[in-house]
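Below: the structure, in structure tokens.
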Amino acid sequence: MLGRFKRLWDAKPMKTHYDAVIIGGGLHGLATAYFLARNHGLTDVAVIEKRYIGFGAAGRNTAIVRANQRTQENLPLYKEALDLWPVLTRELDFNLMFYNCGNLNLAHSEAALKAMRLQVASAQFQGIDSRLLDAKECRELVPALDISDRPRYPIFGGMFHPPGGIVRHDAVVWGLARGAAKRGVHIHQGTSATGIGVEGGKAAWVDTDRGRIRTPRVLNAAGAYSAGLANRFLGQRLPISVLTIQAMVTQPLKPLLHHVVSSGAYHCYANQTLKGEIATGAHMDPWPNYTTQTTAHYIKHQAEAVTEFLPCLKGLKFMRTWGGLADMTPDMAPIMDGHSPAEGYYLDCGWGYFGFKSSTVTGKYMAQYMATGECPEILKPFALKRFEEHRLMGETAALVDYTANN
Amino acid sequence: MNRLKHLPTLRITPGAARSFTYGKHTFEGLQGDTVATALFANGVRVFGRSLKYHRPRGLYSLDGECSNTLMEVDGVPNVRTETTPLTAGIRVAAQNVMGRPELDLLGVLDAFSWAMPAGFYYRMFHRPARVWPLAIQQIRKAAGLGRLSPDFRMPGRFDEIYPAADVCVLGGGPAGLSAALAAAERGLRVILLEARPWLGGAFEYRAADDGDGVALHRKARDLAAAVAARPEIRVFTQAPAIGVYSDGQVTAFQRGGPDQSFDERYIEIRAAAVVVATGCGERPLLFEHNERPGVMQPACAQRLARTWGLLAGTEAVFSVGHDLGLEAAVDLFDLGLKVAAVADIREDGQDPTLVKALAQRNIPLLKGWVARKAHGGNRVTGATLTSVNGRFHRRLTCDLLAAAAGLTPATGPLTLAQSQLAFDPHTGYFLPRTLPKGLQAAGRLLGLESWAAVTASGRRAGLQAAADAGADCQAAIRESEAALRDLPGAVRGSKFVIAPGCGRKAFICFDEDTTVKNVDQAMAMGFDVPELIKRFTSAGTGPGQGGIPGHNLPLYVAQTGLSPDAHPRPTTARPPLVPTLLATYAGAQHDMSKRTPLHDLQVACGGRMERVGVWTRARRFTDDPRCRTEILNVRTNVGLLDASTLGKFLIFGPDALKALQRVYVSDMARMTPGRAKYSAMCNDDGCITDDGVVVQTAENDYYFTTSTARAGVTVEWFRYHTRYDGWCYHLVNLTDAYGVLNLAGPKAREVLSRVTTADVSNAAFPYMGYREMAIHGVPVRALRLGFVGELSYELHVPSSYMPALWDLLMEAGRLEGIRPFGLEAQNALRMEKGHLIIGSESEQRTTLHDVGLGFLWQREKADQRLVGAAALMQTERQPGRLKLVGFKMADPSGPPPRDGSPIVDARIRGYVCTARYSFTLKEPVGLALVEDGLAQEGARLAIYEDGCQGQLTHAVVTPYPFYDPEGRRLRQ
């Protein structure tokens, strides 16, 4: 193992035909490629990535995983995703560094406790470990919490979800790329998709800046760019707004936080990475844009927010902040669909905040969808038509509006 | 340790001793010392241990680019001791050490570095799987440098300021000073930021001259004095820039002290133009053990002597690639340091005067030579030099190895400002290829070296910035450009050289213990562009970020010829450019929540205040969480609620009605003067977003209320949905200008009639009526509504009258037993009445139909293009939606289910919105959102409460309102 430094994935020449072409070398694209090869024997697959794999949200998220969502359509998906981390670590023989530290979500009002009660009971009903805690119990878990009346929003209680934690996001990118490449998948970095061709109502090819690839199956998994590509290539309009989301880390220190801590009222989460940094983020810039530039306001806001409930963090220093793009749908749930507007064209986007934690399980089911042409039951609630029918998913209780009119 | 005395460049005050503790020792430093120089003066050479291999680390740069001298100071971890001024009484401790810094038990890890190649943790610890949880604990313990107690509270005074300027100059060296002066002479306001405690940059400690006999430090101080004399220039020292954003926004922080009103403050600047004159650092030289204590940058050794009077060693070897390195060798020799040899990477091109000076001092100069290895453990004991072609070696004894490959520009601010950088083979620098509008660069970071060229370039940049800021100075700019052309241009830099035959312990990143070999390993695994190598090897992700590897990594990768990335760029720099305390960012941390005009009066009445959204409000007025007395007093007597947080708006103008028609679902044209109309707003999905009442107060003149939560977005909502219409209407948000009292209960009329002469009889002021009246001369907008289900009056008055009105009513209602009530009582009361609160009985996906308010919708309004009309049509009879229902418990003797509990069968079918024990009805009642199949009267609901272990409770769908369904009490 040590001493051998072989390429994790090889750069193969691009062919003119593949059984499937995946646009986007992020986690969703790589996971789908991996499962196409692993579960369905579809190894003649190309992943097209404009920059390098993991350049986008895959490498910019803060790697929190959990399965305590709000609706019963979402819960099983995320639960299976949680269960997959150790399985994939073994299968890929690549340490994804799943740190099962549990997630504590703080409530700062009666209303927040009520919202959590629904989440906790829904999780319990589905056999997922999630509990309500009072403020004192929260502090026992996280001694750094200030549970006094001093903070602007005092802590009323919290929701603790032991099965969650953090995963090393880059490791997932590289592990999946290696696993997929080993099974024959071609990963073409530095390659832009420039068009999708349709013949007789069926997806027929993908144009790239390195030439045309004929293929009967195309997956649009281009993250923040998926809506733009769908519109440009196929005239498909998706209800997606793209927003910058920022995150930052402090200088590393010895273990201080042993759980992921988050707070809705402060729009903030904090967790300590295995490297010892406190990573924190949560807010979106409140207007759509396609840049990954950070803002002066946000890092300041974040310091104010996180030190309200974790006051000891005032003694730490931020050393890096960065931005990524989130593709937000009106109900903060993703769009997974296929065969529209062309047969053989598949869509996996609109993940917003949740693209990392869902990536592997989504890849598994999108691969099934693409291999069989039949939509797996578990993905059916995420079809695009729910927006036409005004049937939002209810993943968030409160009104959210990420469009230009917010 | 004896200090050098009588140097004109010293910044310490001899005799002003400052004592402090380091571990078990008590040391003395001097006023003017940094913590690190004070430690150094007391013989400390090992400041801490490195992250992965626990290698001893010492003073390297003095500007804090790496984690070498991060220490714990007064409980604060990761303090950059080399830039932190020494204050008396501080407690300093080493970090990441088991034992002492000089004898760290974990130092043995260094011998096992072979077992920790690039990315080793991705390929280890996961087989067998049960090892991993144990490994995690060890990895966590090993990671990180400092320690922080969860009970730590940051002492000190933190503040924030937001100054504006025409020109903001980053860097207080001669270039920045000249730029500031040039702009100030044009009458512009200038802000100058300098990280060090004094101005003058890399010139203020230099005894050399430019051939005119005036020492550079003298020139630097004169220039600084000229800047200080200009009232247009606001100078911030000890204030590093940390962020540069678009449109001239610059952030910084400034260290204060006992003489100032702050210990540290956040500075956010808006300027029309920005000048980056941040100069250069020395480029770390890559060789074996290039970070041993005793290896330091030549400028570090020189500044130690010149600024703090400390000789960094007794016998030194220099390995440099730049004239400043030669100058440092000469200067330090003259100050008493023995110099065994100076290796210069350059074969030729050295400044002849410096070559001569070395020769005069019998210091051997080895041209085309470079350090290959530092010997020793906790301290350097010798150095092996090698010719660049690798053929010759020479080993020398020394206790100081002053090594740098040359200079490298401080490009961070340029990158943050979106300037594109490109490698320039002449200077060996990354130079700005493009500068965005409003950004200028000047001085040494462009490769200039002489005083004259640096200041001329500063002057040019300052004038250009002045022009960017609107000053008319084109002629002066042309002059300054001509002057610059006559001066020496960018000097030739040294080539990027890595000494032949090293790599195993040649550290490209000190903070993460990343070696050249690790980079090779990563490249062999397919990580072939610097950004990916950075991710895989962690180089440049430590406490000092890209400070050490930011330029060397891309240059090394480019040199291998194996990367597809043909155009090296510095690794991405991100804010903050200097690690910044969260305490500083948090600044003054003002409490932003709003208080109503009755805050203090409610607290005086026993109000338990809580933050609710942006407001602080009274939850209840007794200890009883169920608020029995408050509730019953409203039902039997009369209560008073502060409802000031309601959104309150005026809309008027010829098109006001059209705007109302656009957003309210009802037909707002059908309004009767003197009567309030209850209606709701929806979004494009037909989901209910707000409800409230609207009254017409005159022709084209309306007053309306919104829910508390929507008050802040209502104006935008109107504007957005009428943006293409060109309508003429005015919308005024009176939410904070007006307060609201809700006087509610069967005896409300008696109380009100006592304070006003207006006729408040049922006939004169009926249910849903609106009257403008006076109460003791106070103008009141009165609405007769019934949110809590009783006869009640909503009294809207200008905020300043609220306390007086409260006192009047409390006094007037004494006989009727008036009591204040809070949000919890209101919540129970309105729920008994079946009135909903948006957000409580609805969620994001809940339509107007779902909550049973579909009757409000006037579908004939098609020409008004009502927001949500199409969705209301489509969802009207849509199956499978969650509907709002009332319920009572199957067993009325049990407690009510907790809010938020799901309603289940084999699946989740809905959830409890609000449920309370009704003191009026003597049983629990509640409202729930359930799937339409369960929404019929009599349907049995199974409730799954958290922690119930499968023990369900049951309820039965019951019509609501539960209380006074006919509404008699509202109309009494």
Side-chain angles (χ1 to χ4, degrees), chain A residues 1-2 5 7-9 52 72 86 89-90 94-95 99 109 114-115 117-118 120-122 124-125 132 143-144 152-153 170-171 251-256 274-276 294-296 299-300 303-304 307 311-322 331 390 392 394 396-400 405, chain B residues 76-78 122-123 125-126 129 136 139-140 143-148 150 152-154 243 245 249 251 268 521 524-526 532 535 543 545 574-576 579-583 585-586 589 591 593 611 685-686 689 720 843-845 871 874-875 898-902 904 907-908 911 944-946:
Chain A
M1 175 185 60
L2 293 173
F5 298 98
R7 288 187 70 94
L8 291 184
W9 62 91
Y52 51 80
Q72 57 191 344
T89 294
R90 190 178 64 238
F94 203 75
N95 194 345
Y99 174 32
S109 67
K114 165 182 162 183
R117 201 169 286 124
L118 174 59
V120 164
S122 298
Q124 288 176 357
F125 184 70
L132 275 179
R152 193 171 308 164
Y153 300 108
D170 287 335
Q251 290 183 328
L253 75 160
K254 299 291 177 193
L256 173 75
L274 290 183
K275 285 182 73 180
T294 57
T295 60
I299 189 168
K300 176 159 173 44
E304 291 170 7
T307 58
C312 67
L313 299 189
K314 279 194 171 182
L316 296 183
K317 299 186 186 79
F318 278 137
M319 66 173 187
R320 178 171 75 243
T321 175
W322 68 92
D331 59 4
H390 309 286
L392 304 191
T396 55
L399 277 166
V400 289
N405 62 333
Chain B
V76 181
N78 296 340
Y122 300 120
R123 306 193 290 161
F125 307 130
H126 61 290
I136 284 182
I139 290 174
R140 294 191 74 214
L145 293 174
R147 227 171 258 291
L148 185 73
F152 177 80
R153 293 293 180 271
M154 189 76 192
Y245 302 89
Q249 191 184 28
T251 58
E268 191 173 309
Q521 291 163 344
M525 292 175 78
L532 278 177
R535 281 176 174 273
Q545 294 290 289
R574 302 182 185 281
T580 306
L581 279 171
L582 271 70
Y585 271 123
Q589 212 161 16
D591 186 340
S593 81
R611 316 292 171 114
D685 282 313
T689 58
Y720 182 80
E843 52 179 53
Q844 189 199 8
R845 56 179 162 171
Q874 287 176 39
T875 57
R898 282 169 297 201
D899 296 351
S901 299
V904 302
R907 288 169 55 82
I908 294 170
Y911 63 92
Y944 182 99
E945 293 196 76
D946 70 283

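Residue numbers start from 1 in every chain, and the chains themselves are labelled A, B, ... in the order their sequence lines are given, proteins ahead of strands. In this text, all values refer to a predicted model and were calculated from it rather than measured experimentally.
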Item to check | NE2-OG1 distance between B/His126 and A/Thr89, expressed to the nearest 0.5 angstrom | outcome: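 These two atoms lie 7.0 Å from each other.
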Contact part of [X] toward chain A, heavy-atom cut-off under 4.5 Å: side chain, backbone, both or neither?
X        : result
B/Ala129 : neither
B/Tyr122 : both
B/Gln521 : both

Checklist entry - Can you list the residues that meet the ring-ring contact (aromatic ring centres under 6.0 Å, His included) rule with B/Phe152, with sequence neighbours excluded? => result none
Checklist entry - Which one, A/Pro252, A/Gly394, A/Ser122, leads in non-hydrogen pairs under 4.5 Å with chain B? => result A/Pro252
Please look at [X] and chain B and tell me whether the side chain, the backbone, both or neither of the residue comes under 4.5 angstrom of a heavy atom of that chain.
X        : value
A/Arg152 : both
A/Phe94  : both
A/Ala171 : both
A/Pro143 : both

Checklist entry - Is there a side-chain contact between B/Arg153 and A/Pro311, using heavy atoms and a 4.5 Å cut-off? => result yes
Item to check | Pairwise side-chain contact, A/Asn95 with B/Arg123, heavy-atom cut-off 4.5 Å (strictly under) | outcome: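 In short, these two side chains do not touch, never coming nearer than 4.5 Å.
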Next on the checklist: Counting heavy-atom pairs closer than 4.5 Å to chain A, which one of B/Ala583, B/Gly243, B/Pro77, B/Gly686 comes out on top?
Outcome noted: B/Ala583
Shortest non-hydrogen contact from [X] to [Y]?
X        : Y        : answer
B/Glu945 : A/Ala121 : C-CB, 4.4 Å
A/Lys300 : B/Ala586 : NZ-O, 3.5 Å
A/Ile299 : B/Pro576 : CD1-CD, 4.1 Å

